[in-house]
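Below is one structure, written out as structure tokens; the observations come after it.
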Protein chains: 2
Amino acid sequence: MKALFQLEKFLPYRFDRLAKHISVSLAGVYRRRFNVTVPQWRILALLHETPHMSAKDIARQGNLDKVMVSRALVGLEERGLLERYISAEDARVNELCLTSTGTRLFESIAPLALDWEADFLKVLTPQERGALERILSKLEQHAKSEAPALTVIESAIS
Amino acid sequence: MKALFQLEKFLPYRFDRLAKHISVSLAGVYRRRFNVTVPQWRILALLHETPHMSAKDIARQGNLDKVMVSRALVGLEERGLLERYISAEDARVNELCLTSTGTRLFESIAPLALDWEADFLKVLTPQERGALERILSKLEQHAKSEAPALTVIESAIS
DNA sequence: GCATACTAGTTTCATATGAAACTATCTAGC
DNA sequence: GCTAGATAGTTTCATATGAAACTAGTATGC
């Protein structure tokens, strides 16, 4: 009648531990070989996919703090990996765009990132990979939908 | 022939985002209601399960930095939630033990934590929950086994 | 038994983080 | 067209983090 609770089996703990492991391990690849931080890597990926995004959009789509985006952009700009233009419609907005150097850098990193991912998932069967995909999607959906409500509770209580 | 890489579908990104969401949301429960941090919560859980652990064992089993453990212990001790004894075999080692107050506090939090977990998983079918369990175990196993190798590479390169 | 190398836990310090204030710009209502 | 309130992005500042140095104690080899 002991063992009501075991940290080792507690999902939030397991998720945190695994996510940290993944992040540290993969971030090492970007950093060692390309001297790129995680926020910078996300920015490269987002801008490669959708050029001319604003910093705000990057923050939202890359799950990053706007302060972190601001700082990461400075670093990328200094290295000539991206350029900013002031938006024609709204002078507050930065229109961001990878330079050809930035594009090439991203295209060097991306295959390594995908290799890393493939290697990480190689212990799973194809069925399990499909299941993981579906499960993550459901949990993400759930998380997204409850986020606003929790914010309200948060500000109401604390 | 675009879209070789989409951040939104990249597993490390998805894991990081989901884990952060979980952590922030759940940590709010401990903190608001009980003024307990995540490391403190892990320590309470581990000591409840296995009394008389050392700080080092807690760091390893709770996936925490030893500095963080040291600091979290001070907070718990000050609140009278745990006591330390100097180990009889080795005077460097702290033998840690929850007080009855600490035990009661843990036993107040645990059901809420489990409720939170159940609520979080309620969008999954029983089959999916089983699959998630199995998948996580495999990935954890894989992560654990490659960790030492990566450390070697790390120190060799950087 | 004493010098050397090691380990548990703490402290220090330099860096990372993000909340809040700030600047520049925009929008809405008058 | 001007004022009040909002928003994009930056800067400041106070806190969180963890690597490395430190302290106290242990183990080993001679």
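The sequence lines fix the lettering, A, B, ..., with proteins before strands; numbering per chain opens at 1. Note that these values count all heavy atoms, side chains included, but never hydrogens, waters or copies made by symmetry.
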Between P of C/dG9 and CE of B/Met53, the distance in whole Å: 11 Å
Option from A/Leu46, A/Asn63, A/Thr50 for which side-chain contact (heavy atoms from CB on, under 4.5 Å) with B/Leu7 holds: A/Leu46
In terms of side-chain geometry, is the basic nitrogen of A/Glu95 or A/Arg84 positioned less than 4.0 Å from the acidic oxygen of its partner? no
Any Lys/Arg nitrogen of B/Glu140 or A/Arg17 sitting under 4.0 Å from an Asp/Glu carboxylate oxygen of the other? yes
Atom OG1 in B/Thr103, atom CG in B/Leu44: separation rounded to 0.5 Å? 9.0 Å
Would you mind telling me which residue lines up with the more 5' stretch of DNA chain C, B/Glu95 or A/Lys66, judged by nearest nucleotide? B/Glu95
Pairing string, 5' to 3', for DNA chain C - Watson-Crick or wobble contacts under 3.5 Å, brackets [ ] where pairs cross, | to another strand: ||||||||||||||||||||||||||||||
Comparing A/Pro39 with A/Ala91, nearest DNA chain C nucleotide closer to 5' gives the residue A/Pro39
Given 3.5 Å as the limit, does a donor-acceptor pair link the side chain of B/Asp90 with the main chain of B/Arg92, or not? yes
Determine the contact category for B/Val67: base if any of its heavy atoms lies under 4.0 Å from a base atom, sugar-phosphate if only primed atoms, P, OP1 or OP2 are that close, otherwise nothing. base
Length of the line joining A/Asp90:CG and C/dT27:P, which is rounded to integer Å: 6 Å
For B/Arg92 and C/dT7, what is the distance between atoms CZ and C1' respectively, to the nearest whole Å? 4 Å
Between B/Ser137 and A/Arg14, is there a side-chain donor-acceptor contact under 3.5 Å, judged purely by atom types and distance? yes
Verdict with supporting geometry, B/Asp16 and A/Arg42, side-chain contact (heavy atoms from CB on, under 4.5 Å): CA-CA 12 Å; B/Asp16 182 79; A/Arg42 288 191 189 166; 3.0 Å; yes
Between B/Leu73 (CG) and C/dG9 (P), how many Å, whole number? 9 Å
Is there a donor-acceptor contact under 3.5 Å linking the side chains of A/Glu107 and A/His48? yes
Give the ring-plane orientation class for B/Trp41 versus B/Phe106, where under 30° counts as parallel, over 60° as perpendicular and anything between as tilted. parallel
Need two values: the first and the last nucleotide of DNA chain D, 5' to 3', having an atom under 4.0 Å from any heavy-atom of chain A. D/dA6 to D/dT12
Please state how far atom NZ in A/Lys56 lies from atom C1' in C/dC26, giving the value in whole angstrom units. 13 Å
Return the 5'-most residue of the pair A/Ser70, A/Lys20 with respect to DNA chain D, ranking by each residue's nearest nucleotide. A/Ser70
